[in-house]
Structure formats: structure tokens, C-alpha cells
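Here is the structure we will look at, set down as C-alpha cells.
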Amino acid sequence: MAQETQLAQTTFSEQNPNPEVGKRNPRYDILFEPVKLGPVTAPNRFYQVPHASGMTNALPHVRAKFREIKAEGGWGVVCTGACSIHPSSDDAPLPFAKLWDDDDIRSHALMTEAVHRHGALAGVELWHGGACVGNRTSRIAPISPSGTPWMATHVGFMSNLRPRVMDEQDIRDLLHWQAEGARKARRAGFDVIYVYAGMGYLPYEFLLPEYNQRSDAYGGSMANRSRLVRQLLEVTKEAVGDDCAVAFRVSMEELRGRTSENAESEGHELVNLLADLPDLWDVKMDSSPTDCSASRFSPEGSHEPVIDFVKRLTTTPVVGVGRFTSPDTMVSQIKRGILDLIGGARPSIADPFLPHKINEGREDEIRECIGCNICISSWHDGVPVRCTQNPTAGEEWRRGWHPERMQPKKSEDRVLIVGGGPAGLECALSLGRRGHDVTLADQRTAFGGRLLFEGALPGLSAWRRVVDYRLGRLQVMPNVQLFLDSPLSAEEILDFGCERVVLATGSTWTTELYASMEIPVGRLEGPNVLTPDDLAAGAKVEGPVTVFDFDNYYMGGCVAELLHEQGQRDITYVTPAGHASAWTFMTNELPRIHQAFARRGIKLLTLKRVSAFDGDQITLNDLFADTPLTLPCKTLVIVGMRRPKDALLQELRARVDDLAKAGIKSVDPIGDALAPGALTHVIHSGHRYARELGETSDAYPYKLDAPFVTVSMPA
Ligand code: ADP
Ligand code: SF4
């Protein structure tokens with residue numbers, strides 16, 4: 001490989017550092033023990049709990065492949081997300097699975113067959129949303145214990161149908177739908193069938209007295225309030241209990257917090273009442289922000305204080321989650337008697353091969369979930385799951401991307417990647433896996449790009465895993481050269497001697513503002529007008545400080561918290577949105593960001609925009625009334641728009657003849673240099689370049705899926 005360049009090569013070892021690779025560490029043997037679940041046996045303790053994937057019955061092949069890859073990667077049980085048992089449980093426009101008819105059975109059978117091919121069990125979370133769903137498509141009045149809408153979702157949505165009170169016939173109908181759902185699930189090939197009483201859904205509403213004010217046998221005492229779940233378990237057992245395990249999934253946060261006359265808490269009382277009736281207890285938290293909490297605010301294993309008692313009260317196996325990625329933490333959960341099965345949702349998305357990697361002594365190859373919750377945002381967006389760490393998530397079938405296997409290179413093209421941020425790192429790793437000779441160069445003294453700053457922001461240290469995982473793998477690849485301290489000019493790139501140039505040069509935060517009607521109004525320049533890039537470069541900040549955030553994702557809130565950690569005590573966070581870091585309601589962070597602001601004394605002004613700043617005071621305008629407000633302010637940090645760093649791209653593309661002379665076939669931007677965006681998009685962009693290099697493109701960039709639909713015509 002021609003390397004007539006002055007680049008300073010780093011001294012990474014190209015040897016695999018682990019001579020024991022291939023052998024399981026005996027410390028982790030316990031994770032590979034089978035666990036009996038009623039009539040079926042899980043082959044190991046890795047249990048992919050039900051989780052939203054955004055893949056409805058409209059995408060049966062996308063869904064089947066997504067789940068199959070996890071079974072291939074060693075997860076002993078692989079479950080669906082919530083699966084509606086009747087049209088009166090209709091969550092549209094949020095994506096949900098269903099099991100209503102024969103087409104649905106065929107749709108799910110694709111997944112169960114795929115999962116079984118790898119020796120894993122398939123589970124289905126049968127689900128009725130009760131007063132928590134709007135039935136926007138079916139237009140059936142939602143059913144509920146006492147007619148109270150689920151507060152977190154429906155207050156304010158007056159256009160929704162209000163729930164009606166269930167009578168005795170409704171309860172009989174529900175039990176019938178559950179039993180029918182279980183029978184259909186068995187026909188579809190499922191091995192583990194759920195009764196689901198969590199997160200505001202119908203059976204859970206029966207458990208809480210605020211929602212259940214019934215005076216019949218289903219209301220009042222815990223014995224009465226749990227009657228419905230007992231009956232749901234009984235009818236499910238009766239329907240399929242000889243062939244399938246019956247799992248009970250329940251939210252414990254609220255119940256554990258409530259006192260009981262008969263036990264330590266209402267949660268304890270519920271477990272005492274149902275103890276060994278289910279074949280599996282699947283225990284979780286009550287709301288998405290606590291159940292699927294971002295790493296910014298919760299560490300690994302955060303559910304333990306709520307669910308730790310369950311195993312002591314039952315002989316039935318218990319599964320729970322906690323964003324477990326460390327095998328030592330997993331072993332500890334089992335040895336300390338907290339869990340029997342290690343539940344994984346996000347860790348199984350970020351690394352479907354996590355169990356295999358532990359089994360083969362390759363723990364250092366685990367692509368650890370960073371807890372950013374982009375996956376859950378995909379569900380809120382109504383699209384198939386996306387993952388920051390694993391760009392192949394959701395692409396397994398439609399693009400044919402496997403998380404562990406790359407197709408071999410189609411040419412001998414050598415690739416120079418300029419920029420070692422997340423896009424450049426991912427691109428280098430994936431091209432290296434295809435067998436290309438790759439050079440990755442960055443002008444800084446460390447790889448990581450934007451993550452060098454972002455990974456040091458309050459709460460975001462787990463995000464550094466994006467860099468650590470990729471660098472760890474790159475360092476042992478003999479066909480990848482890594483260079484730091486290497487700012488590359490167009491001239492140096494032309495002289496380098498490679499056929500392909502990839503520009504992963506990132507983006508720049510700008511000081512652009514915007515007017516009412518959301519029209520950009522040009523840049524605000526001045527010595528005390530800063531951006532996150534200036535803070536990353538160590539700019540001096542004088543208080544009082546205003547952070548003006550119209551990016552609306554994590555950066556503005558993190559910058560405000562960072563300034564507080566750096567000693568600023570007069571911080572005002574201003575946003576034209578209605579909340580701080582408004583988009584983070586998609587990632588479950590929003591409530592915790594408001595709490596963090598309150599804890600730190602960061603002032604919050606919503607529905608405002610910055611209209612002027614003179615170095616001593618700042619003028620804000622109300623978004624709708626346009627009433628001006630002035631505040632003392634010495635430093636303004638604008639967290640607004642980013643623009644690609646594309647100077648190199650423009651220069652190289654203008655030198656067509658020089659490129660041809662140098663034998664360079666293509667110059668392509670990726671990541672933020674192509675289109676500034678969230679990490680997930682940046683990494684996907686780097687991966688996609690590597691996958692598609694040398695491949696012929698089809699009319700569509702991916703395969704289109706289609707549901708199984710039998711149209712029934714009236715006779
Ligand atoms: P992305 O998110 O797309 O990966 P980042 O901003 O994180 O982008 O990373 C871009 C990286 O590119 C930075 O580390 C920066 O130092 C590096 N870079 C930008 N221009 C050059 C250049 N001309 N030569 C070498 N490295 C560069
Ligand atoms: Fe983990 Fe983020 Fe991937 Fe979700 S998107 S699985 S939180 S890395």
C-alpha cells in the first residue's frame with residue numbers, strides 16, 4: 001500500500017490481545033444453564049423480554065429476521081412486543097402487533113419458525129390496552145374497570161373516545177379473547193404466552209384502586225383487584241398450559257410503594273396471592289421513563305430496588321431487566337437471588353450476539369448498549385427500530401445486513417477516511433471487515449470526534465462506548481491503519497495513493513438564530529456568543545449565562561448542566577419549544593431533564609426566542625405574543641443549527657482532473673459531513689457507505705415488505 005505521507009502512525013497492537021478467545025470463562029457458566037418454564041425449557045438464561053420494535057404485522061419479514069438474529073446470537077427466549085388480542089385494543093398510530101385472525105397467525109409463524117431454527121423459544125406478549133389506548137382506528141369505545149382514562153396518555157386528548165365501564169359480560173369477553181389469543185399463539189408456534197398487567201394496560205388498571213373503583217368481586221381488596229389477572233392466567237393455562245409456558249408480566253413500581261395490611265407492600269401481597277400460578281414472573285417498572293430509563297439518569301440494574309423481593313416469594317422463575325451488558329453483573333443478579341433469567345431488550349438490540357460473545361470468551365467484543373433510547377424513539381416515531389450502536393437493527397431483512405457478518409469486498413480499492421468521529425470509525429471498521437485496506441486519519445490527538453466532548457457531558461459517559469467498541473476492534477485489524485495528529489489537506493489527499501476517499505469531517509454548530517414563524521435570520525456574532533464547539537474548545541464563560549436551545553435534543557440541556565458543573569450559578573435556559581430539550585420526550589429523558597434543572601437551579605423559559613444580545617443584556621421575545629423581555633446576560637450559548645464541514649469536499653470535487661490523475665474514483669461525505677444528525681444517523685451513514693461500496697444499486701435501496709392479508713368479501 002502506497003503511503004508516501006508524513007502521517008504520524010499510532011502504535012496500536014495488531015495482535016488479538018486475548019489468547020483465550022473461543023473458550024468461555026467458567027465464571028459465566030451459570031448464564032448458560034437451562035431453566036424450566038412450566039412445560040418448556042429455556043436453553044439458557046438469556047431472555048429477550050417483550051419490547052416494542054415498531055415492526056407491526058405490516059412488516060412480517062422485517063420482524064421475523066430482526067428476532068431471528070437474536071436467536072442466532074444466543075438469546076434462549078425471544079419475545080414479540082405487545083400483541084393485541086382484540087380490535088378494542090388498538091394503539092394506532094403507534095405501531096403494535098396483533099393476533100386477531102389467521103393472517104396474523106401466518107405473520108407470527110414466520111418469526112416463531114425463524115427463532116426455533118436456532119434452538120430458542122418464542123414468546124408472545126398478549127396484550128389489551130384498556131383505557132390506555134385510543135382505539136383511533138377501530139372506533140370501539142375503550143374498556144376499563146371504572147371509566148377513568150389513563151392519565152398519562154389521554155388527558156387533554158378530548159377527541160379520543162372516553163373509556164366505558166366493563167360489565168360482567170365484558171369481563172367474560174376479555175377472558176375469552178385472552179384464551180382465544182393464547183390458542184392462536186400456540187397455532188403460530190409460540191412457546192411462552194403472556195398475561196400482561198403492566199404500564200397502564202387493562203389488567204394493570206384493575207390492580208390500582210385509583211382506576212378500579214368497582215364494588216363487585218373485582219374491586220376493593222387486593223384479592224379482588226387481582227381476580228382478573230388470576231382468571232386471565234387460569235384461562236390461558238387452560239387453553240395452552242400443557243404445551244406452552246404461561247408468563248405473567250407485571251409493573252411493580254407503584255404496587256411496591258403501597259402499604260398493605262396483609263404483606264410488606266401491595267406488590268408483596270400480589271406475589272403472595274399468585275405465587276406459583278404463572279410459569280414465569282416477568283417483573284418491570286410502571287412507566288416508560290422509569291422502565292426504559294436513559295443511561296444519562298439511571299445506571300445498569302436500576303430496577304433491582306423495586307423487583308428484588310419477587311424471587312423470595314415464589315418458586316417460579318423470575319425475569320427482569322436493567323440494561324444489563326456486563327456478564328459479571330448478570331452473574332451477580334443470579335447468585336444474589338434477584339433473577340433467574342437475565343432479561344434484555346436494549347442490550348439485545350445493541351448486540352444480538354451478546355450471549356454468543358460471552359459463551360466464546362469474547363466479552364471485549366460486546367457492542368454495549370449506550371442507553372441513549374433512540375430505539376424507543378423509533379417506536380414513538382412509528383417506524384422500525386433504529387439503534388445507535390447497532391446500525392444493522394431493523395435492516396436485517398430489508399437491506400440484508402447481519403450484525404456480525406459483512407460481505408467480502410468487491411474490489412481491491414484502498415480507502416482513505418478523513419475524520420475519526422463515530423461515522424469515520426464505523427466506516428473504517430465495516431470496510432475493514434469487508435477486507436479493504438483502510439486508512440483512518442484524524443487531525444486530533446484522540447479518536448472520537450464529537451464524542452470527545454459529548455461523552456464528557458453530564459450523564460453521557462456511557463456514550464463513549466461508541467468509540468471504545470469501534471477502536472477496540474479496529475486496533476486488532478491488520479488491514480486498517482490508524483493515524484492521529486494528521487490534518488489532511490486536499491493536496492495531501494490527492495498525493496496519498498488510494499482509490500476511494502471518504503470525508504467524515506463532521507459539522508460545526510452555528511450561531512444562527514431564527515425569527516417568529518421559524519424563519520432563519522442569520523448569525524449573531526460577538527465575543528460572548530458561543531456554541532457547543534466553543535465550549536468543547538475550552539472557551540471562557542462569564543455569568544450570567546443564557547443557553548438558547550432550538551436544537552431541542554440533548555445538547556442544550558447537557559450544556560446547561562455542564563455550565564452548572566463548571567460553577568456557573570446564574571443560568572437561564574431559553575427555548576422556543578414548550579419544554580426543556582423538547583424532543584427528548586421521544587427518548588424518555590424529558591421528565592428527568594426538568595428534574596435536573598430544578599435540582600441545579602437552572603431557570604427555564606419556554607416559548608421564547610432570542611432577538612438581541614449586546615454583551616450585557618439579552619432580549620427575548622415571546623413566541624406568540626412577541627412581548628419583549630430583557631435579562632442580564634454576559635454569555636450567550638446558542639445550541640441551534642449545525643452545518644456540514646464540507647470545505648475539503650468542495651475543493652476536491654472542483655479538481656476533477658487532479659482526482660483522475662491521482663486515480664481517485666470517488667470522494668464521498670458521510671455522517672455529519674453529509675447531513676448533521678443524531679449519532680444513530682451518523683453511524684448508519686458510515687456503515688451504509690461500507691456496505692454499499694462496489695455493490696450495484698437496485699431501484700430501491702431496500703426490499704419492501706408486505707403484510708399477509710386475506711380480503712374477505714361480503715357474500
Ligand atoms: P461524525 O459525527 O460525522 O463522525 P465528528 O464531528 O464526530 O463527525 O468527527 C469528525 C472528525 O473529523 C473530527 O474528529 C475532526 O477532527 C476530523 N477532521 C475534520 N477535518 C479533518 C481534516 N481535514 N483532516 C483530518 N481530520 C479531520
Ligand atoms: Fe441501546 Fe441506544 Fe441502541 Fe437503544 S438505541 S439499544 S439505548 S444503544
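Counting starts at 1 for both ligands and their atoms, following the listed order. Sequential numbering from 1 along the given sequence is applied to the chain's residues. As the structure is a computational prediction, the values presented were derived from the model and not from experiment.
- For atom 2 (Fe) of ligand 2, the N/O/S atoms of C375 include none lying under 2.8 Å.
- Here is the list of ligand 1 atoms found below 4.0 Å of a heavy atom in V682: 1 (P), 2 (O), 3 (O), 4 (O).
- Protein heavy atom nearest atom 6 (S) of ligand 2, with residue, atom name and distance: R346 O, 3.3 Å.
- Applying the salt bridge (Lys or Arg N to Asp or Glu O under 4.0 Å) test between D291 and each of R323, K284, R346 identifies K284 as the sole match.
- Ligand 1 is approached by R444 to a heavy-atom distance shorter than 4.0 Å.
- Of the heavy atoms in T505, both backbone and side-chain atoms come closer than 4.0 Å to ligand 1.
- The residue among H681, E426, Q443 with a heavy atom at the shortest distance from atom 25 (C) of ligand 1 is Q443.
- At a 4.0 Å heavy-atom cut-off, ligand 1 touches L648 through the side chain alone.
- Counting only heavy atoms of the protein, atom 3 (Fe) of ligand 2 lies nearest to C387 SG, 2.4 Å.
- Nearest-residue assignment for atom 10 (C) of ligand 1 (options G449, A446, G419, A504; heavy-atom criterion): A504.
- Annotation: cation-pi pair R249/Y196 present, NZ/CZ under 6.0 Å from the ring centroid and within 45° of its normal.
- Short contacts between ligand 1 and P422, defined as distances under 4.0 Å to a heavy atom of the residue, involve ligand atoms 2 (O), 4 (O), 7 (O).
- Looking only at heavy atoms of the protein, atom 1 (Fe) of ligand 2 is closest to C369 SG, 2.4 Å.
- At a heavy-atom distance under 4.0 Å, no atom of S685 approaches ligand 1.
- With hydrogens left out, the protein atom closest to atom 13 (C) of ligand 1 is D442 OD2, 3.4 Å, a heavy atom.
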